[in-house]
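The next block holds one structure in the form of structure tokens; read it before the comments.
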Amino acid sequence: MSKKSDASDVLGNSPSHGVIAREQAPRYQFLAPQFDNLPEELKKQPRWVVWRAEGGAGLKPTKVPYDPTLSTYRRASSIDPQTWGTYEQAVAAYMEGGYTGVAIVLDGDGIVGIDIDHCMIDDEPSLPAMSLMHKLGVEYIEVSPSGTGLRGFGYAEQLQKGVSGNLDGLKVELYSNKRYLTITGRVLKSGPFARLNGFTDLANTINANKVSKPAGVTATGTQEERLADWMGQVFSGDFYHDSLRNLAGSFIASGMQPGAVVSSLRGLMHSSRGRHDDRWKARMSEIPKLVDSAVKKFSPEVVDHSRLLRPTANAANDSEPTTRFKVLTAEQMAQAEFIKWTIRGLLPQIGLAALFGPSGSGKSFLTLDLSVSIASGVPEWYGMRVTQCPVTYCVLEGEGGMGKRVVAWEKYRGQKMPDTLRFIAQQFDLTVATDVEELAIAIRSAGGANGLIVLDTLNRATPGSDENSSKDMGVIIANTKALQQLTGGMVLLVHHTGKDESKGMRGHSSLFAAMDCVIGVVTGKGLSWTVAKSKDDVTGTLHGFRLEQVVVGEDEDGSDITSCVAVSTAPAFAQCGSKKLGQNQQIARDVLCDLFNCNPDGLLITYGAAYDAVADAMDVEPKRKRERAKKTIATLARYGMIEMTDTHIKRLPALGD
């Protein structure tokens, strides 16, 4: 085929297979995909969606993605693999009609996309656009669905986030992850995907060009002149916000550390001749946010590409390079440590977790009881073994009532809370990098490293954020992970349900996906909590609890001051001590004891040996014996009598002799 699209293909599509956005004014038409020309590197990826042009009449249409695997319309998401399909499924969905085209999702595996808008002139690509593609080394280039732009694909390092901006008169977009790109197959250059040159450098250049001119502040002249203008505006007190924003962007783009930028801007504000009034105080307080925003936009990525791309053949005789990555054999991988638990089967020692429930459901009382149990190192919490660690509880909602809750818990339990449980009552913003850093320093300094950090609630920890926005939630998740990495333990987010409690946690679905453990408080006939997500895959079981009212004092009128304590309503055998076992459970326990006693170490047996022996001893139908044996052994594990590792069943003291 010709390597240049015919003009009639670009602007005169026939109305078949959803080529025209039918809801739009006639001038908005799109190229039909030419499937034979699509690159094999993309066809083999299981990340395809279909898209449809949608919008009001006469308005520029929006390209809305849809799941190609369903017969009914369901929106696709660039962060939800459940809404993607194979290339064949996308083609089939498109050919059935109702869609405008197909698209591929980028997921950070090395494939990247370059988009240049409005660069086709009389059906020919502009020289600057093709020169940029050539400079990057792009070997596959096609015309965009509108027929007015170019799209290229290749291999490059992953960006922290997508980039969109102007470069020498071109509107350029660069993407590597969490983005879908429409595909046409209208090729101008059909070579195989190549590794691109300077992809990250180009992204940094585009970002650096985004430092905008504030009102009343000149943006002309050299960089030194612009800095002098911005500093002068702050010093005189004429302009604070815009000048501080531009200074932050310039400093971060030059490689200056965020903490140093905050200190420098605060020092500049203190030296200002403007009145240090409420306006000045407001601008001073927002400096950390301005710097955090600048980090997200302008922070350069420092990667030694020449070292990474050095040919293997040339490096064969070099000394072994030093690297933080260790490549393991299968045997070494099999010897890796299993998951370590703070609460066995529920809460890992390292990662992110969430505990959610509707308002007034007792979730904060339950969270406090969980926190005290972990900090105290009690043997079990709701029948699950506990490993002691320090706990830092950040009280961001209902601060005034936490003191009463502490007194109520100590009075009901008849013991003091341990010193390994600490509280933070000051407000902070999880979306501000400097707040996260200072919080981590405070926790580590107080001995809370490698422990549990509770943020109660997520909403109060992220003031002003849109929980339903994928962008805002992405920042929240990234900074929560940063807090976890800086402190080395587990971060537990206390969160609310949405208006429809059956749909789980409020906000964007990426929050649930990012969690290692999710606990949901259920209301209805009493209160209970259940495991909505766990690394151990033990989900769905309801654990009942009640709120026990406790009198903690008297007010000035002699009336009782009360608070509550979360107390389990589960049977005693499910909490601790000896278990009241059913007939099959007792049989399984006796068989396992015999197997363990026959082993030299008395601690480990294989799954196969356990299932076979227990199945033989059970008085059930032959075809159901092994299934019943597996379920019964799993029940003993939930009772804390045995531990089911990845390879063996391990004996625990509660099993007995």
Side-chain angles (χ1 to χ4, degrees), residues 160-161 207-219 223 226-300 394 396-397 399 424-442 455 457-467 469 471-480 482-483 486:
Q160 289 184 350
K161 59 186 296 188
N207 273 334
N209 289 341
K210 287 184 180 179
V211 178
S212 59
K213 180 178 76 171
V217 181
T218 178
Q223 177 69 3
R226 290 195 293 272
L227 289 173
D229 284 336
W230 295 330
M231 290 181 179
Q233 296 289 343
V234 175
F235 185 66
S236 66
D238 293 337
F239 293 96
Y240 287 136
H241 178 276
D242 291 340
S243 299
L244 291 170
R245 178 196 63 202
N246 286 0
L247 286 167
S250 180
F251 291 157
I252 291 296
S254 70
M256 193 171 176
Q257 291 298 310
V261 177
V262 170
S263 298
S264 298
L265 296 183
R266 283 174 172 167
L268 181 61
M269 284 291 285
H270 279 297
S271 69
S272 174
R273 293 181 302 187
R275 293 180 59 188
H276 291 195
D277 52 13
D278 290 342
R279 170 174 166 265
W280 179 90
K281 292 177 181 178
R283 299 292 81 79
M284 173 70 88
S285 66
E286 74 178 2
I287 285 176
K289 280 193 174 182
L290 292 176
V291 174
D292 189 50
S293 177
V295 169
K296 294 181 177 69
K297 293 178 180 177
F298 310 124
S299 182
C394 298
L396 305 175
E397 187 169 286
E399 303 95 312
I424 293 177
Q426 293 102 324
Q427 297 294 309
F428 58 84
D429 191 337
L430 189 60
T431 66
V432 177
T434 49
D435 278 14
V436 174
E437 292 173 5
E438 291 177 7
L439 180 62
I441 292 171
L455 306 184
T457 61
L458 177 61
N459 177 261
R460 292 292 294 272
T462 57
S465 296
D466 181 0
E467 294 171 346
S469 163
K471 179 180 178 181
D472 285 9
M473 188 56 73
V475 174
I476 292 170
I477 293 170
N479 284 5
T480 304
L483 177 62
L486 289 170

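Fair warning: this is a prediction, and the values are worked out from it, not measured in the lab.
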Original post:
If we only count heavy atoms from C-beta on, is the His276 to Met284 side-chain gap below 4.5 Å?
Top reply: no
Original post:
Partners of Glu437 by salt bridge (Lys or Arg N to Asp or Glu O under 4.0 Å), sequence neighbours excluded?
Top reply: none
Original post:
Atom CZ in Arg283, atom CZ in Arg245: separation rounded to 0.5 Å?
Top reply: 12.0 Å
**OP:** May I have all residue pairs that pass salt bridge (Lys or Arg N to Asp or Glu O under 4.0 Å) and include part of residues 262-280, sequence neighbours excluded?
**Re:** none
**OP:** Could you list all the ring-ring contact (aromatic ring centres under 6.0 Å, His included) pairs where at least one residue sits in residues 245-274, not counting sequence neighbours?
**Re:** His270-Trp280
Original post:
Taking only residues two or more places apart in sequence or in another chain, which ones pass side chain to side chain donor-acceptor pair (under 3.5 Å) with Ser236?
Top reply: Asp238
Original post:
Is any side-chain heavy atom of Val234 less than 4.5 Å from a side-chain heavy atom of Leu265?
Top reply: no
**OP:** Mind checking side chain to side chain donor-acceptor pair (under 3.5 Å) for Thr457 and listing every partner two or more places apart, or none if nothing turns up?
**Re:** Glu397
Subject >> side-chain contact (heavy atoms from CB on, under 4.5 Å) involving Ala478 - partner list, sequence neighbours excluded >> reply: none
Original post:
How would you list, by chain and number, every residue that makes a side chain to side chain donor-acceptor pair (under 3.5 Å) with Glu438, sequence neighbours excluded?
Top reply: none
Original post:
Closest heavy-atom contact between Leu396 and Gln427?
Top reply: O-NE2, 3.4 Å
Original post:
Between atom CG of Asp429 and atom CG of Asp292, what is the distance when rounded to the nearest 0.5 Å?
Top reply: 8.5 Å
Original post:
Can you tell me how far OH of Tyr240 sits from CG of Leu290, rounded to the nearest 0.5 angstrom?
Top reply: 14.0 Å
**OP:** Return the minimal non-hydrogen interatomic distance between Asn479 and Leu430, and the atom names on each side.
**Re:** ND2-O, 2.8 Å
**OP:** Hey, could you give me the CG/SG distance between Leu455 and Cys394, rounded to the nearest 0.5 Å?
**Re:** 5.0 Å
**OP:** For Asp435, enumerate each residue passing the salt bridge (Lys or Arg N to Asp or Glu O under 4.0 Å) test, keeping only those at least two apart in sequence or located in another chain.
**Re:** none
**OP:** Please list, chain by chain and in numerical order, all residues satisfying side-chain contact (heavy atoms from CB on, under 4.5 Å) with Ser271, sequence neighbours excluded.
**Re:** Phe235, Leu268
Original post:
Quick one: NZ on Lys471 to CD1 on Ile476, what's the gap to the nearest 0.5 Å?
Top reply: 12.5 Å
Original post:
Is a side-chain N or O of Ser285 found less than 3.5 angstrom from the main chain of Ala282, in a donor-acceptor match?
Top reply: yes
Original post:
Of all residues at least two apart in sequence or in a different chain, which pass the side chain to side chain donor-acceptor pair (under 3.5 Å) check with Asp472?
Top reply: none
